[in-house]
Every structure is written in C-alpha cells, then in structure tokens.
Amino acid sequence: MAQDRTGDVYDFSAIEARWRDFWSERGFFQTDTSAREGTYYYLNMFPYPSGYLHVGHGRNYIIGDLITRVKIMRGLHVLNPMGWDAFGLPAENAAIENETHPWTFTQKNIETAKEQFRIWGVQFDWDREIATCLPDYYKWTQWLFVQLYKAGLAYKKKATVNFCPTCDTVLANEQVVGGLCERCDTPPEPRDLEQWFFKITDYAQRLLDDLNTLEKWPDNVVKMQENWIGRSEGAEVVFTAETGDPITVYTTRPDTLWGATFMVLAPEHPLVDVLATPEQEDAIAQYRDRAARASEIDRLSTDREKTGVFTGGYALNPVNGEKVPVWIADYVMMTYGTGAIMAVPAHDERDFEFAIKFGLPIIPVIDRTDDVAKAFIPASAIGDGLALALDQSEASYRRSDAGLLVLATRSNLDAVISAIGENLSSNGYAMVAGARFAFIFPDATIDLNSTASDREILSRCSLLSGADFSAKTAMELLQDIAPFADVLFHADYGVMVNSGDFTGTPGDRAKADVIAWLESKGIGKGTINFRLHDWLISRQRYWGAPIPMIYCETCGQVPVPEDQLPVLLPETEFIGKMGLGDIPGFQDTTCPTCGGPARRDTDTMDTFVDSSWYFLRFINPQDAAQAFSKDDVNHWLPIDQYVGGVEHAILHLLYARFITKALHDMGHVDFIEPFARLFTQGMVCHAAYKCPEHGWLYPTDVSAGDTECPKCGKPLETSSFKMSKSKRNVVDPKDIVEAYGADTERLYTMFMGPPDRDIDWTDEGIRGAFRFLNRVWRLIVENVDRLAPVGEAAAPSSLDEAGATVWRRVHRTIKKVTEDIEERFSFNTAVAAIMELFNELSTYAAMGNPDPALLREAVDALILILSPFTPFVCEELWQRTGHAVSILEQAWPSFVEAALEEDTVEVPVQVNGKLRARITVSAADAADPAALEAAALANARIQEVLAEVELVKAIPIPGKMVSLVVK
RNA sequence: GCGAGGGUGGCGGAAUUGGCAGACGCGCUAGCCUUAGGAGCUAGUGCCUUCGGGCGUGCGGGUUCGAAUCCCGCCCUUCGCACCA
C-alpha cells in the first residue's frame, strides 16, 4: 500500500507539481473554433458533479486526455471541452439536508472535480466550461423547448404516468427499470397527470434507419437502440363486439387470424366496461384493482403464471365469423399496439399457456415446417391387429404401459391413421399431433380444425371415457400425452391450414397476402408499431430548467417569447421537497399575447433535455445571442470521438440523436447524427467485502487472503463490484497519486486491460506501472550524457547488428503505438509495445558501445510515444534530454517504412501440423515460395524427420511458414 | 425467453487477414547486492515427460496442409430487453 513504498524512486511529486499548470498556462488546450481545416472534436460525456471522483471515473478522462494530446501533437485543432450536467435530484436533496441552495452544493463539487482533473494532468479548454444549471445555459434549453413546441414536437396531454413517491416526481418510460424507479428502486405508482411530451415517436423510423450509418459505433449499443425502438410489422384488424362496438387489435401474425379463438384486452382498456356482463362485473373490478397494484407484487416475482378474467362478452372474428369470448389479462399492455389482442393459442406461446389454463379452444392454423407427426394409442384402445398393421405402414413405434406411441412422418401418416383406425378396440380412441392434429375413433377420424370439431371431439371422448372426464378442449387431452410435448405448439411461419380460402398459402407469402386481403375487405390494414414511446419531460421538482409555457384564460397555452427567456428559477429556501408550484408568486405572470393575467407552467424539464444538446453549446459557449452558431457547429460536428459509459447506450444517446434530427429538420443544423464515432469504456471494479453481520467492510480492514470478518469471525462474502461508496470499495485517486504519482495511475489505468471491458483494480498491478516508470527514468537520466545532440538521427547503414535491431524496433513500435491509439483504441497493447521497446533499448544501452545517434533517436521516440500516457514525467525527461520546447509543440513521431522490413526472417517449418524446426532465411528467400521450400528441405533437422517417411506435399507460405505433409 | 459480448497459465491479459499460442505486466522460484528488503539487478516460470517427445485456448464434432480464430451442436458466464401480441 501507499505508505509502505520505500527505496530510491524518481521524485514524482516535485515533477508533477512543476508541470501541473504548465500546459494550461501555455494554452495548449485552448481551441480556436473559427478554425475550418484540420479540426478534431473529442468529447467525454459530461459528468454530474457528484462530489467525488474515483479511479474508475479517471479511466474515462484519461482516455480523453491521451487522445487529445496525440491529436495536438499531430497538429490538429483539437476541441476537448468539459462541462457539468448539473441539474437533478442529488443537489436538491443535499440542499434540503443542509438548508442551502443546490447551487452551493453543486459549485463545491465542481471545484473538487476540477482540482482532481488538475492533479491527474487531464486538461480541458476551461474557457468553454458550461453548467446546465446556470441561466445562460438553461435559457437555451428553454429556447430548444420553444422551438420543439413551435414545430409541433412538444405537446401536453393527460396521461397515466409513472410517479415515484420517493422522488416526488414522474419518471420517463426509460427511467423505470425492472418495474422500479432507476434512482431509488421504489415501485412507481400510476397517476393521471397533464404532462409535456416530446414527440420522439415521429422520428422512430429515422432513429432506426440511421443506426446503419453509425459504422463506428459499438455493435451492442446499436443493437440496444434497435431493441428499444422495437419496430414490428403487422396489421390492425377490427373485430366486432356483440354490442356492435369495434375492437381493434394489433397483430404481427395476421396469417394466423383463423386460429383466433378468443380475445384479450388490457385491464385498463376502455371497452371493458362496455363488454362486461353484470355477473362478471365484480370479478373484473377485483382483477383490475389487482392489476393496478401489480407493479409492486408481481413484477418482481419470476413465476409469471397467466391470470385473467372473462368479461362475459363476445366478439365476432371478421375472417370466419366465429364468436370468440373476450377476456382481460395483465399480459396485454394498454401502452403497446391497441391494448387489445386476438389470441391465437396454437401459434403464440403466451396465448397457448392462457388457453390451457382457462380451457379455451386451441386450433392449429399454420402447418409445421417439419414432417414430424406422432400418434398415441392408449393401452386400453389397442386392438389385436394393430402391431401388424403398423409394421406394414413402415412407421416406427414404441410400446409402454400407458400405450403405443407411433413416430410417423407426413408421407406415411395417412397409412398410420388408417392402420390405427382399423385396429382400435370398440370403445377406444387414438390421437395424432404434429403434421396433422386428429382424433381417431373406430368409425371416424376427426381433425382438430375448427372450434366445432373441437367440441365434437370432446363430446365423443367424454362419452367414451366416462364419469371422471374433465377436459375442456381437445388440446388439453393431447397435452396429457407426455411425448407430444414438442409437437403441440409452434410459432413459425408455415403453410396456412384450416383458414378458409387461404388454406394452402405458403408461409413466405401468407402475411402479405392476408394483409392485402384485409385491406381490400376494409376489415384491417397493414401497420407498423414501435415500442418507443413519446418522451415524457415534465418533472415536478425545483432543480431543473423551468418549462417556458404560460397558460392564459383567453389565449390558452402560450410559449414564453424568446426575447423574454430565460424563465429564471426563483430564489428560495430549501426546507423540503418541492416543485415550482410550491413557491409563492412563481406562477403569477401576464399573458405575452393579450397582457391579461396568466400563470406559468410549474414543472421543470427532465435533465436529459439539458444533455441532449450540450455538445452544440461548447462551440460558442459564451454566445449571448444564440444557442449556437450554425456555421460553427456545421464545421465542428458530428463529434469525431464521443466517449462515455455504456449505461447511456439508450437514454442519453437516443435523446441526443432525436434532438439533433429535430434541429436539422427545423433548419438549425446541417448534420443528422451528432456522434460519428462512439466508444463506451468499461467500469473499474474493486474487491468488496461483506460480513453478514457488519455489512460492507473497507478493504483496508481486511488483510489479504482473509475470508473471515476481523470483527466477528463470520465468513466474508468477497466479490468484485463497480466502485461505489455504499460498498466501501472505492479507490481514491488521492492515495494513489500520493504514493506513486498521477503518471503511474494514468499508466496503470491504460495498461490494466482493454478499455471497453470491465476490469478489476488491484494494488499489485499499480506497482508494476510504477516500477516501469522508475526504470524509464533511471535509464534516460543515467544516459543523458551519451545521447547525440538533439536532432541527430541514426544512420541505419552504419549500425551494428544490435543497433539495427533496436532501430527497427523503434520504428515498429512507433507504428504499432500510433495504430493502437488512433485506430484500435487498444491502449493496453500500446503500453505493452512501449515496454518491449524499453526492454530492448535498456539491454542495448547496457552494452559496451551504443551508438549515440541511435540512443538519441530511440530515447526521443520513447519519450514522445509515452507522453500521452504519462505527460508529467515525459515533459520532465524531454527537458532533461535537451529539448527547448514542450512535447506538445513537438510533432508525433513518424516511422521509417524501411525499418519495418527485416533482413532475415525466421520461418517455422511444420510437418503434419507439428512444429519441427525454425529456419532463418533472407527476406528475399522468405518471399519466394520455391526458395523457401528448398531452404526448409535443406534443414538438417527436417531431413532427419523426413528420412523415415515419404514427403507427399510441401506448402510454402511466403513470409510466414512452410508446411510439409508426409505419410 | 429474446438480443449482444465473454470463456486462453496461479492472476490481468496478447495473438490486427486461418499461419510459431501465452506478447506485456502481476505473482512465484533461485541467485546477486544489501545491516535489512515489500527496493534494485540477473536467470527461470503453460502442463506432463522415460528428456525422444507428448498434451494444451470451456465441452463434443467438423472443414483445412494448418484452427484460440471458420462451421455445427452443447455448457458456463456478463450485460441489455423482458408477457411488446
């Protein structure tokens, strides 16, 4: 640990102090946004100023600083700004606790974070700092609202919303996670409120389509957005209730319409009251009541047995005139589609489960796509000649105590059925399922192809079975036969059966054909549905941007004129949870249109509105006349590289894409996507220890390897979690910087693993990084006097073999590190390559007569490519090795193409896939298949191996290897 | 259940296009230096071995001269969505 470090180490404290403010004082990170050529916009997702930053947060900003430094050395105009997503509940709660203003809390946290960035050496253009909670920012958030309102993209409606009683505000659909408030895990309550929405659903298709243009986004984020948007193609079909009321359902499978044997409405569906018969009213009321509270009780439980209640009403299936019962069930959601479904239990798993549970008929209407068919003859129904007859039908069968199971196929099924039919005992029956569903009686075979046949089958079986017969449907009888389990249900597209005139329609056409027919008949239409809902942005809390709307009795709903923005947050005392409506006088205003008395909207906007456009503000953050300069943002955006946590894969990124498209359509920007390239970095985890009695323990209280609680001796639960205060597993950068310096933290953070993956922080790991920096320091400082003057480069032709090897290594490393950083985002392998270069250089420097010019070239390159990782020590070494300018004024090193080619190549030789020798050949020979083969065959070891076998074939792969096949 | 990742030494990981598996680091072992070592330096470190070699990238098959990498079927695991009709 920190305080235990001993021995001679470089003086990182003094060095870091020396350079800490140097770069910002010299203005290296200030950006001229009027630049039009060679611009590069890097952006980290701006943080909520929460009051502390741990080493996991560091990962994010260190990546950004690293890339920014490389791009600056490349001579680009780099914009890497920072701001604060500063509205939101924690500041308000802290204000209530301390009876201060949220800004007091926020401001303090911002100062803490800025100091932490300074310690890390993470640089920003602080002249462009923004905070979403300041009037000169939220003025433009309100402006954005007004633009959306004018474009018809912001509207107010009364809606059933998720209200979190703990946070005392409504939640967006996206903020309810697993049925709970994402912030406080309270189950939200449904409430009917007048709320503002942004019409993101208007953009659903474009948000989906344009994902295809985001080639440099991680696939998983693209997929998550696709799923969230949730496009599905189907049809709306109108059923007619007995009362005459139309019931419109949405289905993705109109080709299964003939199998719709009942309907299900969401419990809240308005037609329920119309359809309910008096005797069902009590049951319906009870069920609705339970469903309304279901979020609390059922949503967390894993068993999801279907529940529901019959309304007592019936409707007519428009395609076949069948009278189907109408049920209500909570597996149908009012918020998706039309809140009503046709149930096709034969081809929808949920409907199947529901039908079996409530005894509703199940009629197959889509043929299986395979040939599998099974028949079962109960033991009591087996006639004398059955086995013989089945042998002739070429079907295989097995006998058990219960009866005889025949495994048939489509082609021999008819033969099997007649064989069974002719050999049944007089009071028995047999069943067929799979490619055909039928019941075989001694006098007839009845197919399960309609509700009428379902009833007939059932009455015959009941008659044959006697008193204890209780099945309500034919499918229930089939379900009792265990070997039938895999052939009773399927949801595939297949040939339509039992579907009137459509019977025989192949599966690949069925859906389109039926939709066309429905449309021609006027009983339905093709429809596209999205899971995406409009974005609920009203919040009943103080600490957010006030919604700039005014309500006038004469003029109605009027937006605050743009020249009267911002609507300022009123100053107030914080003594408890409140919204703007609780502040006396806030509401009172005059109508901007007629001048009469009016009142303000008392809600504030969701903080995701603030962050849905902030990246535009950074280009001209102080512009008092406009939200952003169209000309400037068109040049600087889309953002070249956006980096943040994957937890924002849906909400923030989707909202920002939507707002960008809306601004585009209103003519404010020319681009349609805000983020050209996205990278989502993984979390940093750390061991956390939990005692069943004492709860979470600090790692410092648990000695390494301990599995028992030091307080009570009970066994500890040890596992790795994302760093969080509550789990007491946070690593404070202060401790790390004090013990090893910021450079070491930066290096270790980049080296510990692939940056997109979650990774464990270990105290052992960081010492490796520290050791490496000390070795670098020592090597360079001890060899300063042996370096050729600045500017001299090695002459490759005059180098000895060891020197030539180092020279090639220098250039290979420059190439690899450059590509790893700029193209692959693979910082861990870049560090590994630098370490390899160092190891080789170190060995070379220790030899008798190192070439001074080569040492100069190698040391300079080493410092330069290491500098984005560890800027402090590199800036120091750069100066100590005789350079007058800062590293940031130095060009990123380029590599010499010729250095990438080796004079000789070592090529492995395989015999029957096994490595048998390595041969060293000239580069020219390695490139020539014939020469390569000859060299391999000439090798003594290979000749030895070949002496006892016969060579069948030689496969020389130029530059790579030689593969020999023998027998 | 659906979707997307991942599974390689004692550990974190590397292998970029199908071509020498285990780069780099941690840890460990031995030695040197040292009053001392949780400092530094040197050497070693996938497993087995009769020292010839054999085995080895979650498991089982396959394609190929050649597979961690491609194909088929499983298992485990992380994340996201989750009764979306």
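We name chains A, B, ... by the order of the sequence lines, and we start the count at 1 in each one. These figures come from a predicted structure and were not determined experimentally.
- Partners of A/F679 by ring-ring contact (aromatic ring centres under 6.0 Å, His included), not counting sequence neighbours, listed by chain and number: A/F825.
- For the P atoms, the distance linking B/rC59 with B/rU8 amounts to 10 Å, nearest Å.
- When the salt bridge (Lys or Arg N to Asp or Glu O under 4.0 Å) test is applied to A/D492, no partner is found at least two apart in sequence or on another chain.
- Between A/F772 and A/F838, the angle of the ring planes goes over 60°, which puts this pair in the perpendicular group of the 30/60° scheme.
- Between A/S232 and B/rA85 there is a side-chain N or O to OP1 or OP2 distance below 4.0 Å.
- Annotation: salt bridge (Lys or Arg N to Asp or Glu O under 4.0 Å) contacts involving residues 331-348 of chain A, sequence neighbours excluded, comprise A/D348-A/R350.
- Taking the syn range as angles within 90° of 0, the glycosidic angle of B/rG9 is syn.
- Here A/D255 pairs with A/R253 under the salt bridge (Lys or Arg N to Asp or Glu O under 4.0 Å) rule; sequence neighbours left out.
- Within a heavy-atom distance below 4.0 Å of RNA chain B, the residues of residues 809-818 of chain A found are A/K816.
- Across the C1' atoms, B/rG12 and B/rC74 are found 29 Å apart, a figure rounded to whole Å.
- For the pairing with A/F827, the side chain to side chain contact (heavy atoms under 4.5 Å, CB included) check across A/L747, A/L66, A/D820 returns one residue only, A/L66.
- Nearest nucleotide to the A/D820 side chain, out of B/rG80, B/rC24, B/rU16: B/rU16.
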Exercise. Could you encode protein contacts along nucleotides 40-57 of chain B as a string, one character per nucleotide from 5' to 3', using B for base contact, S for sugar-phosphate-only contact and - for no contact, with a heavy-atom cut-off of under 4.0 Å?
Key: SS-----------SSS--

Atom pairs and distances, side-chain donor-acceptor, residues 214-225 of chain A, under 3.5 Å, sequence neighbours left out:
unit_1: A/W217; atom_1: NE1; unit_2: A/F675; atom_2: O; d: 2.8
unit_1: A/Q225; atom_1: OE1; unit_2: A/R657; atom_2: NH1; d: 2.7
unit_1: A/Q225; atom_1: NE2; unit_2: A/A649; atom_2: O; d: 2.9

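- Nearest to the side chain of A/R757, among B/rC83, B/rC24, B/rG13, sits B/rG13.
- Among residues at least two apart or in separate chains, there is no salt bridge (Lys or Arg N to Asp or Glu O under 4.0 Å) pair with a member in residues 748-759 of chain A.
- Partners of A/R778 according to the salt bridge (Lys or Arg N to Asp or Glu O under 4.0 Å) rule, which considers only residues two or more places apart in sequence or in another chain, do not exist here.
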Could I get a table of every N or O pair under 3.5 Å where one atom is in the protein and the other is in nucleotides 62-65 of chain B?
unit_1: B/rC65; atom_1: O2; unit_2: A/S963; atom_2: OG; d: 2.5

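- For residues 905-916 of chain A, no residue pair satisfies the salt bridge (Lys or Arg N to Asp or Glu O under 4.0 Å) rule, not counting sequence neighbours.
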Practice problem: Map every base of RNA chain B to its dot-bracket character, where paired means a Watson-Crick or G-U wobble contact with both distances under 3.5 Å and | marks a partner outside the strand. | Solution: (((((((..(((......[....)))((((((.......))))))(((....)))..(((((..]....))))))))))))....

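- The same atom, C1', is picked in B/rG66 and in B/rA43; the two are 35 Å apart, to the nearest Å.
- The aromatic rings of A/Y331 and A/F354 sit tilted, their planes meeting at an angle between 30° and 60°.
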